[in-house]
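Positions are given from 1 along the sequence. Just follow the structure's listing: the first ligand is 1, and inside any ligand the first atom is 1. These values consider heavy atoms only, across backbone and side chains, with no hydrogens, waters or symmetry-generated copies.
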Amino acid sequence: MVQKTNMLKYCVFFGRPRIISNSIRNLSSMNDGRVKGRYDVIIAGGGMVGCTLACAMGKRPLLSKLKVLLLEGSPNKKFDIKKEYSNRVVALNQNTKSLMNSLDVWPHVVCIRLQPVRNMQVWDACSDAMITFNSSELLDNDVAYIVENDVLLHAINKELTASVENVDIVYGAQIQGYKLPQSSDAGEDNVVKMSNGDQYSCQLLIGADGANSAVRNAMGVQYVSWKYNHMGVVATLELAEEYENTTAWQRFLPSGPVALLPLDNKHSSLVWSTSPTHAKELLQLSEESFVDALNDALWKQYPRSAGVDACTSWVSSVLKGAGLADGAARQLPPSVCGAAAGSRAAFPLAFGHSTRYVAPGVALIGDAAHRVHPLAGQGVNLGFGDVQDLTEYLGEALYTGLDITHPSWLRQYETSRQRHNVPTQLAIDVLYRLYSLELTPLVLARSIGLQLTNAFRPVKKLIMSHATT
Ligand SMILES: Cc1cc2nc3c(=O)[nH]c(=O)nc-3n(C[C@H](O)[C@H](O)[C@H](O)COP(=O)(O)OP(=O)(O)OC[C@H]3O[C@@H](n4cnc5c(N)ncnc54)[C@H](O)[C@@H]3O)c2cc1C
């Protein structure tokens, strides 16, 4: 529970968003004893995706006329850049970089720190099959950027508070519930009820409140979800040797994928997807044993099928004969020599898909609408794609004189995002399942599939272009 005294009161009336204390300051737009403020848009959830939407609402010409409230449950934390890296990082794609550039957020990230990913190598522990992605070969641009979650959130908030005028922010917001309009014709507002009895109303409510979204629950939409029975073990790793560390490595083990994401020339960030029992063990090991277990995961030879090896080497020779990449130019992953103290943690992993992203006067974005396994580094990028499309369709609707809650633009938003998000989610889920089995025919099929994908540049380009949009 956030204490009243901890709630920040920060108010600059011209040219800055107001950070409002629920309990201390009355809004000028107060309607009656209970309704504290009426807004055009309320964004519930100020994580990376919700804050980005708030920023976009202030930066896009037509949207900046709207009066917006951002409600975030956690307190407003002061950001201090530490020498040690945070254990929570995201791989951001080119599309996200463009969005952040358009909002003037990217230069703040660059000023703090990020690491470009110029190569990516993904390989199978059960065969010789592997695939590489190379920035110069495929995109003439970096494959991705590794950024700590709190660095990105700070950069977004910095821009939001420095140059957005139409957004009020309540940190430590204790939302008790929502009253949503029954139909788009009713002309009713959404009502957000706070635990202290205050209420806020708005025409358009955006649920950016993460995987356990209360907005989604209030919409009463169907949510298809399953747990992976896997935890994502994260840690900040020290590498045994200093080198130009711009490669992301991912090895598919029978027990789940293990990935190293570059942070600088001596450090990488770990995301290791494994069973809850193994994850618990990994968290309890001494640093030395943890590092040994991780090096084993990256280097150990797993039992192989002679039949699979014979077939993959035959495919390799055919590809070589045809002048195509045969996968022989395999790079060796780095050895790990340490894990930063206190950086090991584990997070549950799950799939989630909200069958509807919109309802009358309501829309979902980010993890509130969709959740994926982190093996493809897509989760938050999909959420930023939602922000881009939502602001675009809303801007077009306002430009053509449509109402802010008009069902036509909400439907366009839902269709365009589900067309992109659902196939991506399913592809990630299929990949996860394909690599979690050790049946010989399956290992053979996926190995040859990976070899062929690696050999044909247009296919790789297609994969990359989907992953970066
Ligand atoms: C181990 C791991 C690795 C990952 N790696 C990557 C990666 O490399 N690339 C990638 O793209 N994605 C990655 N992801 C996924 C990514 O972290 C999520 O997709 C992203 O955090 C979702 O952002 P969000 O803002 O939608 O939701 P959240 O980050 O969950 O934010 C929701 C916000 O809403 C607030 N909130 C919730 N309920 C309420 C309420 N009732 N009232 C007020 N506020 C509320 C919360 O306090 C929070 O701030 C990874 C995830 C995991 C677990």
For ligand 1 and [X], I'd like to know whether there is a polar contact (N/O to N/O, distance under 3.5 Å).
X      : answer
Gly366 : no
Val49  : yes
Ala211 : no
Asn149 : no
Gly73  : yes
Tyr178 : no
Pro348 : no

Closest protein heavy atom to [atom], given as residue, atom name and distance to 0.1 Å:
atom                    : value
atom 5 (N) of ligand 1  : Val89 O, 3.8 Å
atom 14 (N) of ligand 1 : Val90 CG1, 4.3 Å
atom 47 (O) of ligand 1 : Glu72 OE2, 2.7 Å
atom 8 (O) of ligand 1  : Ala91 N, 2.9 Å
atom 21 (O) of ligand 1 : Met48 CE, 3.5 Å
atom 1 (C) of ligand 1  : Val234 CG1, 3.8 Å
atom 26 (O) of ligand 1 : Asp367 N, 2.9 Å
atom 38 (N) of ligand 1 : Asp209 CB, 3.7 Å

Quick one: does ligand 1 sit under 4.0 Å from the side chain of [X], the backbone, both or neither, non-hydrogen atoms only?
X      : value
Ala208 : backbone
Pro374 : side chain
Ile175 : side chain
Arg88  : side chain

Output the list of atoms in ligand 1 that are nearer than 4.0 Å to some heavy atom of [X], sorted by atom number.
X      : value
Gly379 : 10 (C), 11 (O), 12 (N), 19 (O)
Gly210 : 27 (O), 30 (O), 32 (C)
Gln378 : 10 (C), 11 (O)
Gly45  : 34 (O), 35 (C), 44 (N)
Asn381 : 11 (O)

Output the distance between atom [atom1] ([X]) and atom [atom2] ([Y]), rounded to the nearest 0.5 Å.
X      : Y      : atom1 : atom2 : value
Gln378 : Phe384 : CD    : CZ    : 12.0 Å
Leu69  : Cys202 : CG    : SG    : 8.5 Å
Gln331 : Thr247 : CD    : OG1   : 7.0 Å

Exercise for the section: Mark whether atom 29 (O) of ligand 1 lies under 4.0 angstrom from at least one protein heavy atom. Expected result: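 Within 4.0 Å of atom 29 (O) of ligand 1, no protein heavy atoms are found.
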So do the side chains of [X] and [Y] get within less than 4.5 Å of each other, counting heavy atoms only?
X      : Y      : result
Leu349 : Tyr432 : no
Pro181 : Asn190 : yes
Val68  : Tyr39  : no
Leu204 : Leu394 : yes
Asp150 : Arg88  : no

Exercise for the section: Compute the minimum heavy-atom distance from Ala214 to ligand 1 and say whether it is under 4.0 Å. Expected result: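 No, that is not the case, since the closest heavy atom of the residue is not under 4.0 Å from the ligand.
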Practice task
Using heavy-atom distances, let me know which of Asn87, Val380, Leu270, Leu375 sits nearest atom 12 (N) of ligand 1.
Solution key: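 Ranked by closest heavy atom to atom 12 (N) of ligand 1, first place is Val380.
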Handout entry: Option whose closest heavy atom lies nearest to atom 31 (O) of ligand 1, chosen from Ser74, Ala345, Gly47
Key =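 Looking at heavy atoms only, the winner is Gly47.
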Handout entry: Test salt bridge (charged side-chain N to carboxylate O under 4.0 Å, His left out) applied to Asp80 and Lys78, Lys82, Lys83, the passing residue
Key =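 The single option meeting the salt bridge (charged side-chain N to carboxylate O under 4.0 Å, His left out) with Asp80 is Lys78.
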Handout entry: Near-ring test Phe351/Trp226, centroid separation under 6.0 angstrom
Key =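 That pair passes the under 6.0 Å test.
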Using distance alone, with no hydrogens and no angle criterion, decide if [X] and [Y] have a side-chain donor and acceptor under 3.5 Å apart.
X      : Y      : answer
Ser255 : His278 : no
Asn245 : Ser268 : yes
Tyr413 : Glu392 : no

Practice task
Identify which one of Leu152, Asn381, Leu382, Val90 satisfies the side-chain contact (heavy atoms from CB on, under 4.5 Å) criterion when paired with Thr96.
Solution key: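 When Leu152, Asn381, Leu382, Val90 are each tested with Thr96, the side-chain contact (heavy atoms from CB on, under 4.5 Å) holds only for Asn381.
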Exercise for the section: Identify the residue among Tyr435, Trp123, Trp272 that makes a ring-ring contact (aromatic ring centres under 6.0 Å, His included) with Phe252. Expected result: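 Exactly one pass, corresponding to Tyr435.
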Exercise for the section: Step through the shown structure and confirm whether more than 12 heavy atoms of other residues, nucleotides or ligands are within 6.0 Å of CD on Glu287. Expected result: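 Yes, because the 6.0 Å sphere around CD of Glu287 holds more than 12 heavy atoms from other groups.
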